[in-house]
Amino acid sequence: MTTTQAAVVESPGAAFTLRDVELDAPRHGEILVRMKAAGICHTDLTVAAGHIPFPLPGVLGHEGAGVVEETGPGVTKVRPGDHVVLTFTSCGSCPSCRIGHPAYCTTWIPQNLIGGKRADGSSPISRGGAPLGGRFFGQSSFARHAVADERSVVKVDPDLPFELLAPLACSVQTGTGAVWNTLRPEPGTTIAVIGTGAVGLAAVMGAALTPVNEIIAVGRQAAQLELAAKIGATRTIDSTGLDLAAELRKATGGAGVDYVVEAVGNPEVLRAGIEALAPRGAVAVVGAPPYGVEVSVDVHRLLPGRRILGVCEGDSDPDRLIPLLARLIRSGRLPVQPLIKEYDFADIQAAADDFRSGKNIKTILRFDT
C-alpha cells in the first residue's frame with residue numbers, strides 16, 4: 001500500500017481539498033504511476049459539481065502524465081522508469097475494442113465516467129480504511145500517485161515535458177481525432193471549428209495538418225480567436241450577436257461549410273452548425289451538454305447527405321494516436337504550448353476556479369515531488 005496526497009472532492013459542489021489517502025498495491029493489469037502533470041478538463045468540473053453521477057468522496061483527474069514506479073502481475077506494456085500518459089480505459093474485448101475503436105467500448109461509461117471502482121466492486125483508493133471513488137477514466141490522476149489500468153497507460157519517449165504530454169490524454173486527442181478519425185476532410189474542403197477552448201483549438205491544429213482549403217475558427221473571446229489564427233485558422237469569426245449559420249454560409253459564398261466541429265456543447269450552436277452544412281457535409285458533435293439536452297432537426301435538411309456524428313475522445317486508439325501527437329509536438333507541428341497555463345498541484349482549487357471562469361484555455365497541474 002502507498003500513502004500519497006490526493007485532491008478529494010467530498011460531496012457534489014465541494015471544493016478540491018488535499019488529503020492523505022492510501023493506494024492499493026497494483027493488482028493484475030494495474031500500474032502505479034508517480035504523477036508529474038495533470039490537466040483539468042471540463043468533465044472533471046462537471047463531475048465535481050454533481051452533474052454527472054460519480055461516487056463521492058472521490059478523486060478525479062483524467063489527463064495524467066508521469067513515471068511508472070511499479071507494475072502489477074501480467075503487465076507487459078510498460079516497466080518501472082517509463083514515461084507515460086494516462087488516458088481513458090476500455091475493456092479490450094468488445095466488438096469496438098477489437099476493431100480499434102476503444103473510445104466506443106461497450107463498458108466505456110461505467111469504466112471511465114461513473115463507476116469509480118474496479119470490475120469487482122473495489123476501489124484502489126481509500127482513506128482511513130474507507131473506500132473513495134477512484135479509477136476515474138482508469139486513473140484518478142489528481143494525486144501525487146495513481147493506480148492506473150494498463151489499458152489507460154501509453155508509453156511515450158522521455159524527451160518531452162510532462163506539461164505538454166498531459167493534454168494529449170483527452171483534450172488534444174479529442175480535437176485532433178474528431179478531424180482525423182471522424183470527419184476525415186478531403187483536399188480542398190472547408191472546415192469550421194465552433195469553440196476555441198482546448199478541444200476546439202486542438203481541432204484547428206489538427207485541421208491545419210490536413211489538405212483542407214479553409215479553416216474557420218468560431219468563438220467569442222478575441223484572444224482565443226487571435227491564437228486560433230496563429231495556429232492554423234485561415235479565418236476567424238466572433239459569433240457574438242450573429243446568426244452563426246448565416247455567417248458561415250456567407251463566409252463560403254453561400255455554399256455552406258463541408259465540415260463542422262462543434263466543441264461548445266450548446267444545442268443552439270449545434271443547430272447552427274447543422275444548418276450551415278453544405279450538401280454531403282458532416283458535423284462532429286464533440287461538446288457535451290448536460291444529460292437530457294435535445295436538438296430538433298428538420299429531417300429534410302439531412303436528406304442531401306448531411307450527417308451528424310457523435311464523437312468520444314476523438315475516436316482514438318490511444319496507443320497509436322498519443323505517440324504520434326507527441327512526435328508532432330517534438331517536431332513543432334502541433335503547437336500545444338500556447339494553450340497551457342501551469343499551476344502547482346497544491347493550488348488545484350484556484351486552478352479550477354480560473355479554468356471555470358475562462359481565464360485559461362488548458363490548465364495543467366504540476367507535481368514537483
Side-chain angles (χ1 to χ4, degrees), residues 1-35 38-66 72 86-91 105-153 166 169-170 288 290-291 312-313 345-346 348-349 351-353 355-356 363 365 367:
M1 184 172 288
T2 299
T3 298
T4 194
Q5 188 182 57
V8 178
V9 178
E10 299 289 349
S11 60
F16 293 97
T17 53
L18 299 187
R19 296 287 187 264
D20 287 340
V21 300
E22 295 80 43
L23 300 180
D24 290 348
R27 298 184 183 181
H28 188 277
E30 293 183 339
I31 298 160
L32 177 66
V33 179
R34 175 166 46 90
M35 302 308 306
I40 296 179
C41 177
H42 285 291
T43 303
D44 298 305
L45 303 186
T46 301
V47 173
H51 299 313
I52 295 175
F54 181 82
L56 299 176
V59 181
L60 304 175
H62 67 284
E63 284 190 333
L86 307 185
T87 185
F88 66 89
T89 191
S90 54
C91 75
C105 174
T106 57
T107 67
W108 199 94
I109 289 179
Q111 283 215 57
N112 289 280
L113 198 57
I114 64 174
K117 52 194 174 186
R118 300 180 177 103
D120 65 3
S122 65
S123 172
I125 309 175
S126 60
R127 181 177 56 184
L132 300 179
R135 211 174 179 276
F136 189 59
F137 281 69
Q139 56 184 281
S140 288
S141 55
F142 287 168
R144 297 192 183 277
H145 292 81
V147 173
D149 183 72
E150 183 176 21
R151 284 188 61 81
S152 71
V153 173
C170 182
Y291 281 111
C312 178
E313 296 288 356
F345 177 54
I348 182 172
Q349 186 57 46
D353 291 341
F355 180 57
R356 188 183 292 108
T363 299
L365 303 171
F367 300 82

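We number each residue from 1, following the sequence as shown.
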Answer whether the closest heavy-atom distance between the side chains of [X] and [Y] falls below 4.5 Å.
| X | Y | value |
| --- | --- | --- |
| Leu45 | Phe16 | yes |
| Glu313 | Asn112 | no |
| Arg27 | Ser122 | yes |
| Phe54 | Val9 | no |
| Arg118 | Asp24 | yes |
| Val21 | Thr3 | no |
| Leu18 | Ile348 | yes |
| Phe142 | Ile40 | yes |

So, taking the atom named [atom1] in [X] and the one named [atom2] in [Y], what distance separates them when rounded to the nearest 0.5 Å?
| X | Y | atom1 | atom2 | value |
| --- | --- | --- | --- | --- |
| Ile52 | Ile114 | CD1 | CD1 | 9.5 Å |
| Arg151 | Thr87 | CZ | OG1 | 11.5 Å |
| Phe136 | Leu113 | CZ | CG | 5.5 Å |
| His51 | Thr43 | NE2 | OG1 | 12.5 Å |
| Arg144 | Arg34 | CZ | CZ | 11.5 Å |
| His145 | Leu23 | NE2 | CG | 8.0 Å |

Provide the closest heavy-atom pair for [X] versus [Y] in the form atom of the first, atom of the second, distance.
| X | Y | answer |
| --- | --- | --- |
| Ser152 | Gly138 | OG-O, 3.3 Å |
| Gly64 | Ala169 | N-CB, 4.2 Å |
| Pro26 | Ile31 | CB-N, 4.1 Å |
| Ala146 | Ser140 | CB-O, 3.9 Å |
| Pro55 | Gly115 | CG-O, 3.5 Å |
| Ala143 | Phe367 | O-CE2, 3.2 Å |

(message) Can a donor-acceptor pair be found, under 3.5 Å and without considering hydrogens, that links the side chain of Gln139 to the backbone of Phe88?
(response) no

(message) Determine whether a donor-acceptor pair (N or O, by modelled atom type, separation under 3.5 Å) exists between the side chain of Ser123 and the backbone of Lys117.
(response) no

(message) Walk me through whether Asp20 and Thr4 qualify under side-chain contact (heavy atoms from CB on, under 4.5 Å).
(response) CA-CA 6 Å; Asp20 287 340; Thr4 194; over 6 Å; no

(message) Show, in sequence, the C-alpha distance, side-chain angles and deciding distance for Phe345 and Gln5, and conclude whether the side-chain contact (heavy atoms from CB on, under 4.5 Å) test is met.
(response) CA-CA 10 Å; Phe345 177 54; Gln5 188 182 57; 4.1 Å; yes

(request) Among Leu32, Val33, Ile125, find the residue that satisfies the side chain to side chain contact (heavy atoms under 4.5 Å, CB included) test when tested with Val147. (result) Leu32

